Amino acid sequence: MTKAPFGTLAEPLARHTSLHIGGPAEYYLRVTSERDLVETVRVAREKELPVFILGAGTNLLVADQGIKGVVLHNDWAETSVDGTIVTASSGTPTATVAAVAARSGIIGLEWMATVPGTVGGAVHGNAGAFGKETKDDLIDAELMDLDGRVWTATNAALGFAYRTSALQGTPTIVMRARFRGQPGDRDTAVRRIKEMANERLAKQPLAQPNTGSIFRNPPGDHAGRLIEAAGLKGATEGGAMVSMKHANFIVNIGDASAEDVRTLMRRCQSEVKSRFGVDLVPEVELVGEW
Ligand SMILES: Cc1cc2nc3c(=O)[nH]c(=O)nc-3n(C[C@H](O)[C@H](O)[C@H](O)COP(=O)(O)OP(=O)(O)OC[C@H]3O[C@@H](n4cnc5c(N)ncnc54)[C@H](O)[C@@H]3O)c2cc1C
């Protein structure tokens with residue numbers, strides 16, 4: 001079968017990741033509706049092309065060689081509210097879920113306001129902040145496989161653990177998710193969101209391109225503390241630097257390549273291992289052609 005191109009060819013993914021790093025997508029399509037998402041998956045299947053779902057690109061280190069096949073950029077954002085339940089399509093920013101909840105007098109979902117990314121990315125990686133994780137508030141998620149089969153998975157069936165879910169390593173696409181909050185008032189929710197945002201701004205290098213925490217926190221400790229104690233705050237590799245503000249952030253201070261970031265990550269891992277005997281496990285996902 002010939003693979004007639006569709007979407008944009010060789011779109012630089014550096015334009016679509018928060019680190020501003022990443023080589024070309026062989027085929028790139030941005031979708032803004034459920035119909036377009038389903039149709040893109042169908043056409044990719046017909047052309048026998050692999051599909052990579054890109055949310056907001058806030059937890060990714062995309063290889064300099066880019067991603068083969070179709071990169072489906074999910075910008076399909078829709079929400080609805082029923083009582084204290086917010087239903088959101090997978091391309092909805094998590095911050096929008098928090099805002100919609102707050103506007104509707106629902107509390108408990110404020111933490112989602114400060115985690116960048118989409119609902120799909122949050123479910124895939126069990127994103128969390130301020131003592132809460134996706135698994136704490138998610139009721140269920142509608143999923144689709146690359147053959148177009150759709151089903152609903154309960155929270156328990158999603159195999160959530162610290163920054164992981166059973167979806168990782170599978171081509172399953174999150175279509176929608178339902179989150180449950182508690183009855184409350186708008187002012188309380190808005191106040192909490194502001195407090196959380198201020199705390200983040202004080203602690204994280206948000207003015208520089210980054211991808212959030214580079215490593216997961218090892219049990220009972222913090223990756224940032226260990227990297228700092230290993231003397232690596234401010235360490236550089238090409239255009240990549242261990243942030244001076246928070247050592248578990250690698251920032252792009254110039255034209256960092258993915259390889260620069262990977263080399264710096266390896267340096268952090270080997271220093272922390274040799275000094276403290278701790279294995280740092282990446283939280284950021286390395287994707288594409290390494
Ligand atoms: C400044 C900053 C702060 C951050 N703080 C936090 C934090 O406090 N807590 C936290 O947990 N994370 C944090 N992160 C990381 C990031 O925000 C989360 O991992 C987020 O959930 C990623 O969502 P995304 O849409 O950007 O996913 P992407 O980075 O685009 O993709 C990540 C993975 O999810 C998959 N994916 C995306 N959408 C779908 C879908 N619809 N179906 C199936 N798979 C999908 C992708 O294929 C990929 O494997 C931070 C990042 C930044 C830049």
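One-based numbering, in listed order, for ligands and for the atoms of each. All of these numbers come straight from a predicted model, not from anything done at the bench.
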| Under 3.5 Å, N or O to N or O, is N210 touching ligand 1 that way? | no
| note | For V123 and F160, the nearest pair of non-hydrogen atoms, with its separation, is O-CE2, 3.2 Å
| message | Within ligand 1, which atoms have a heavy atom of G117 less than 4.0 Å away? | response | 23 (O), 24 (P), 25 (O), 26 (O)
| query | Under the 3.5 angstrom rule, does the side chain of T170 hit a backbone N or O of T172 as a donor-acceptor pair? | reply | yes
| note | side chain to side chain contact (heavy atoms under 4.5 Å, CB included) filter on S80, not counting sequence neighbours, yields T87
| Among protein heavy atoms, which sits nearest to atom 52 (C) of ligand 1, and what does the distance come to when rounded to 0.1 Å? | G212 N, 3.3 Å
| request: Around atom 6 (C) of ligand 1, find the nearest protein heavy atom and jot down its residue, atom name and distance. | output: R200 NH1, 4.0 Å
| Considering only the protein, which heavy-atom contact is closest to atom 42 (N) of ligand 1, and what is its distance? | V174 N, 2.8 Å
| request: Using a 4.0 Å heavy-atom cut-off, say whether S18 meets ligand 1 through its side chain, its backbone, both or neither. | output: side chain
| Residues D137 and W111: side-chain donor-acceptor under 3.5 angstrom | yes
| said: Students should be able to answer this: which protein heavy-atom is nearest to atom 26 (O) of ligand 1, and at what distance? | reply: T58 OG1, 2.6 Å
| request: Answer yes or no: does an N/O atom from T114 fall short of 3.5 Å to an N/O atom of ligand 1? | output: no
| request: Any atoms of ligand 1 less than 4.0 Å from a non-hydrogen atom of A129? List them with their elements. | output: 8 (O)
| task | Note the single closest protein heavy atom to atom 49 (O) of ligand 1, along with its residue, its atom name and the distance in Å. | result | E285 OE1, 2.6 Å
| said: Using the rule side chain to side chain contact (heavy atoms under 4.5 Å, CB included), only one of L158, V150, T152, I173 pairs with L143; which is it? | reply: L158
| request: May I ask you to list the atoms of ligand 1 that are less than 4.0 angstrom from any heavy atom of S90? | output: 41 (N)
| task | Step through the shown structure and confirm whether more than 12 heavy atoms of other residues, nucleotides or ligands are within 6.0 Å of CG on D147. | result | yes
| query | Atoms of ligand 1 less than 4.0 Å from I173 heavy atoms? | reply | 42 (N), 43 (C)
| E142/R178 under salt bridge (charged side-chain N to carboxylate O under 4.0 Å, His left out): CA gap, chis, key distance, verdict | CA-CA 9 Å; E142 188 182 305; R178 295 199 301 153; over 6 Å; no
| Region of T211 engaging ligand 1 - heavy atom pairs below 4.0 Å | backbone
| note | Logged contact type for Q168 with ligand 1, heavy-atom cut-off 4.0 Å, is neither
| N or O pair under 3.5 Å between L206 and ligand 1 | no
| query | In terms of residue, atom name and distance, what is the protein heavy atom nearest to atom 25 (O) of ligand 1? | reply | T118 OG1, 2.6 Å
| query | For R180, does the CZ atom have more than 12 heavy-atom neighbours from other residues, nucleotides or ligands under 6.0 Å away? | reply | no
| field | Heavy atom of the protein closest to atom 24 (P) of ligand 1 (residue, atom name, distance) | value | A56 N, 3.5 Å
| field | Min N/O separation G57 to ligand 1 under 3.5 Å | value | yes
| query | Per the side chain to side chain contact (heavy atoms under 4.5 Å, CB included) rule, which among D64, I21, L61 passes with E259? | reply | D64
| Quick one: which of G128, A177, A127 has a heavy atom closest to atom 9 (N) of ligand 1? | G128
| request: Quick one: sort the H16 and Y28 rings into parallel, tilted or perpendicular, breaks at 30° and 60°. | output: parallel
| Does the side chain of S90 pick up a donor-acceptor pair with the side chain of N74 at under 3.5 Å? | yes
| Taking the side chain from R45 and the backbone from L146, do they hold a donor-acceptor pair closer than 3.5 Å? | yes
| field | Partner set under ring-ring contact (aromatic ring centres under 6.0 Å, His included) for H20, not counting sequence neighbours | value | none
| When you measure from atom 46 (C) of ligand 1 to every protein heavy atom, which one gives the shortest distance, and what is it? | I53 O, 3.1 Å
| With a 4.0 Å heavy-atom cut-off (strictly under), which part of T172 contacts ligand 1: side chain, backbone, both or neither? | backbone
| message | Can you name the atoms of ligand 1, numbered from 1 with element, that are less than 4.0 Å from a heavy atom of A122? | response | 21 (O)
